[in-house]
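Below you'll find the structure, written out as structure tokens, and then a few comments.
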Amino acid sequence: MSTFYAVSTQKLKIVIDDFKNRAKINDIKVYNLEQREREKPLRVTSYITHPSKKAGNIDPDCFDVITDVQFIAYGRFDNEGNVEERADEELDILKHMIGGRDVNILLTIFGPRNENGASMYNVLKNHMDSAVNNVVERVLSLNVGGADFDWEYPANQKEWDL
């Protein structure tokens with residue numbers, strides 16, 4: 001029979017993903033693993049969309065562990081490279097959930113809606129300077145860590161080359 005050293009904790013989180021009737025816990029195991037030193041701290045990334053709609057599903061304590069948030073569905077480019085904001089209120093909710101923790105937020109910016117020939121390719125080929133300036137302005141004014149372009153996917157070789 002194995003014996004482990006006693007472990008004390010302030011929190012133990014149990015998540016039950018799916019059940020039909022009553023949840024019944026048969027066994028819980030908690031391990032006190034030896035802490036290992038790393039040259040750089042481990043980064044933990046999470047994708048989050050619309051925190052107001054999922055507020056009951058997001059435990060703010062998760063930001064004790066998460067270091068980087070990819071804020072999906074923040075906005076999109078128009079066909080001239082301007083960033084059309086879609087979720088500043090949602091960003092405020094996310095920042096409130098994070099509180100004073102050191103969490104890096106990246107805004108995901110999608111290509112324009114595919115209307116009247118609008119495409120990410122056209123934005124980047126014809127309005128790159130405008131797009132870059134608009135993203136930098138938005139990142140600085142919102143005090144976030146950066147932006148990510150969601151281009152799924154270049155459709156042909158000329159788009160891949162760009």
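As the structure is a prediction and not an experimental result, all values here were calculated from the model.
Checking side-chain atoms of Thr67 against main-chain N and O of Val44 turns up a donor-acceptor pair under 3.5 Å.
Placement of Met128 and Phe110 in two distinct hydrophobic clusters is found when ILVMFWY residues are connected by side-chain heavy-atom separations under 4.5 Å, directly or transitively. Under the 4.5 Å side-chain heavy-atom criterion for ILVMFWY residues, a single connected hydrophobic cluster contains both Leu140 and Leu107. Placement of Phe149 and Tyr47 in two distinct hydrophobic clusters is found when ILVMFWY residues are connected by side-chain heavy-atom separations under 4.5 Å, directly or transitively. Cluster annotation: Ile72 is not connected to Ile105 through the hydrophobic network of ILVMFWY side chains, with a link wherever side-chain heavy atoms come within less than 4.5 Å.
Rounded to the nearest 0.5 angstrom, Phe71 CZ and Glu90 CD are separated by 5.5 Å. From Lys95, atom NZ reaches atom CD1 of Ile93 across 12.5 Å, with rounding to the nearest 0.5 Å. Taking CD1 of Ile48 as the start and CG of Leu91 as the end, the distance is 11.0 Å to the nearest 0.5 Å.
The two residues Gly145 and Val139 make their nearest non-hydrogen contact at C-CG1, 4.3 Å. For the pair Asn79 and Pro112, the tightest heavy-atom approach, listed with the atom from each and the gap, is N-CB, 4.2 Å. Nearest heavy atom pair, residue Ile109 against residue Met120, reads O-CE, 4.2 Å. Across all their heavy atoms, Ala147 and Val135 have their closest contact at CB-CG1, 3.5 Å. For Met97 against Pro60, the heavy-atom pair with the smallest separation is O-CB, 3.8 Å. Residue Phe63 comes nearest to Arg101 through the heavy atom pair O-CD, 3.0 Å, listed as atom of the first residue, atom of the second, then distance.
In this structure, the side chains of Ile98 and Ile66 stay at 4.5 Å or more apart for every pair of heavy atoms. Counting heavy atoms from C-beta outward, Trp151 and Leu124 have side chains that approach closer than 4.5 Å. A 4.5 Å side-chain heavy-atom check between Phe77 and Asn134 finds every atom pair outside the cut-off. Contact check for Asp68 versus Leu106: no side-chain heavy atoms found under the 4.5 Å cut-off.
No more than 12 heavy atoms of other residues, nucleotides or ligands lie within 6.0 Å of CD in Glu89, so this atom counts as exposed by the packing criterion. Within a 6.0 Å radius of CD in Glu80, more than 12 heavy atoms belonging to other residues, nucleotides or ligands are found. No more than 12 heavy atoms of other residues, nucleotides or ligands shown are found within 6.0 angstrom of CG on Asp102.
With no hydrogens or angles considered, no side-chain donor-acceptor pair links Glu137 and Asn133 at under 3.5 Å.
The residue from Asp150, Thr108, Thr45 that alone fulfils the side chain to side chain donor-acceptor pair (under 3.5 Å) condition with Gln70 is Thr108.
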